[in-house]
Q: 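Pasting in a structure now, in structure tokens, and then I'll have a few things to ask.
One-based numbering along the sequence shown. Counting convention: from 1, in listed order, for ligands and their atoms alike.
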Amino acid sequence: MKVFEGTLVSEKIRIGIVAARFNEFITSKLLGGAVDCLKRHGISEEDMEVAWVPGAFEIPLIASKMAGSGKYDAVICLGAVIRGSTTHYDYVCSEVSKGIAQVSLSSGIPVMFGVLTTENIEQAIERAGTKAGNKGFDCAAGAIEMVNLIRGIQA
Ligand SMILES: Nc1c(NC[C@H](O)[C@H](O)[C@H](O)CO)[nH]c(=O)[nH]c1=O
Ligand SMILES: CC(=O)[C@@H](O)COP(=O)(O)O
């Protein structure tokens with residue numbers, strides 16, 4: 001039985017990263033986690049490119065530009081949407097998640113959803129390198145797995 005494995009980096013993998021500046025205290029930690037993971041899996045910094053956007057709502061557009069450029073094997077999207085006192089949170093979260101999923105399906109390359117959607121700052125801190133891990137690191141690991149999985153299927 002042939003089982004496709006996507007965990008090892010055997011060939012060059014080029015990664016685009018879109019990071020939101022809103023809640024930069026959190027998103028910078030997510031970016032650090034993602035870069036740490038990529039380096040630990042043998043991907044050099046010359047094969048990573050980062051684009052900063054104002055907020056999570058702007059991520060899908062730039063993710064689409066990166067995914068459609070042909071320059072990257074995967075795109076990692078990083079953000080932190082933290083609920084405020086209005087319903088704005090709901091609209092941002094909804095459009096970002098739908099947008100990122102749409103970009104991945106339409107481009108045919110992995111576009112990873114590394115956008116925290118939390119009720120409060122504490123929950124975001126927990127997921128940006130403390131007690132709940134680093135979602136940026138997790139997304140980078142997932143990106144590598146998806147690229148290798150696709151390469152295996154298409155081989
Ligand atoms: N409240 C948060 C935002 N809001 C800003 C939007 O993402 C967008 O930049 C603005 O509406 C202009 O289009 N963004 C986050 O990333 N996180 C938040 O908690
Ligand atoms: C997620 C948001 O857009 C939110 O932080 C905005 O805060 P508020 O709902 O208090 O305007």
Q: Of Val96, Val18, Val53, which meets side-chain contact (heavy atoms from CB on, under 4.5 Å) against Glu58?
A: Val53
Q: Mark up the atoms of ligand 2 that fall under 4.0 Å of a heavy atom belonging to Ile82, in ascending order.
A: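 Those of ligand 2 that fall under 4.0 Å from Ile82 are 1 (C), 4 (C), 5 (O).
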Q: Considering only non-hydrogen protein atoms, determine which one is nearest to atom 7 (O) of ligand 2 and report residue, atom name and distance to 0.1 Å.
A: Gly84 CA, 3.7 Å
Q: Between Ile82 and ligand 1, is there a nitrogen or oxygen pair with a distance under 3.5 Å?
A: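 In this structure, Ile82 places an N or O atom under 3.5 Å from an N or O of ligand 1.
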Q: Taking only heavy atoms of Ala80 into account, list the atoms of ligand 1 that are under 4.0 Å away from them.
A: 15 (C), 16 (O), 17 (N), 18 (C), 19 (O)
Q: Which protein non-hydrogen atom lies closest to atom 2 (C) of ligand 1, naming both residue and atom, and how far is it?
A: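 The closest one turns out to be Phe22 CE2, 3.4 Å.
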Q: Ligand 2 versus Thr86, non-hydrogen atoms closer than 4.0 Å: side chain, backbone, both, neither?
A: both
Q: Does Lys98 pair with Glu95 as a salt bridge, N-O distance under 4.0 Å?
A: yes
Q: Counting only heavy atoms, which portion of Val53 has something under 4.0 Å from ligand 1: side chain, backbone, both, or neither?
A: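 Under 4.0 Å from ligand 1, Val53 contributes no heavy atoms.
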Q: Output yes when a side-chain donor or acceptor of Ser106 lies under 3.5 Å from a complementary backbone atom of Gln102, and no otherwise.
A: yes
Q: I'd like to check which ligand 2 atoms, numbered from 1 as shown, lie under 4.0 Å from a non-hydrogen atom of Val81.
A: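 The list of qualifying atoms is 1 (C).
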Q: Would Glu49 and Lys71 pass as an ion pair if we require N to O under 4.0 Å?
A: yes
Q: Is the backbone N or O of Ile82 less than 3.5 Å from a side-chain atom of Thr118, with the two atoms forming a donor-acceptor pair by type?
A: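 Judged by distance alone, no pair lies under 3.5 Å.
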Q: Apply side chain to side chain contact (heavy atoms under 4.5 Å, CB included) to the pair Leu38 and Ile17, showing each step before the final yes or no.
A: CA-CA 11 Å; Leu38 295 172; Ile17 302 174; 4.3 Å; yes
Q: Can you tell me which residue and heavy atom of the protein come closest to atom 13 (O) of ligand 1, and the distance to 0.1 Å?
A: Glu58 OE2, 2.5 Å
Q: So is there a nitrogen or oxygen of Ala56 less than 3.5 Å from a nitrogen or oxygen in ligand 1?
A: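 N/O-N/O distance below 3.5 Å exists for this pair.
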Q: For Ala19, does its backbone N or O pair with a side-chain atom of Thr27 as donor and acceptor, under 3.5 Å?
A: no
Q: Do other residues, nucleotides or ligands put more than 12 heavy atoms under 6.0 Å from Phe137 CZ?
A: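 Above 12, so yes.
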Q: Show the atoms of ligand 1 that are less than 4.0 angstrom away from any heavy atom in Asn23.
A: 17 (N), 18 (C), 19 (O)
Q: Specify the protein heavy atom at minimum distance from atom 10 (O) of ligand 2: its residue, its atom name, and the distance to 0.1 Å.
A: Ser85 N, 2.8 Å
Q: Going by the order shown, which atoms of ligand 1 are within less than 4.0 Å of some heavy atom of Phe57?
A: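 It comes down to these atoms of ligand 1: 6 (C), 7 (O), 8 (C).
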Q: Any idea which protein heavy atom is nearest atom 6 (C) of ligand 2, and the distance to it?
A: His88 ND1, 4.0 Å
Q: Any donor-acceptor pair under 3.5 Å linking the side chain of Ser94 with the backbone of Tyr91?
A: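 No, the answer is negative, given that no donor and acceptor are paired below the 3.5 Å cut-off.
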Q: Assess whether a salt bridge exists between Asp73 and Lys12, defined as any Lys/Arg side-chain N lying under 4.0 Å from an Asp/Glu carboxylate O.
A: no
Q: Taking 4.0 angstrom as the limit and counting only heavy atoms of His88, give me the atoms of ligand 1 inside it, by number and element.
A: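 Per the distance check, 4 (N), 11 (O).
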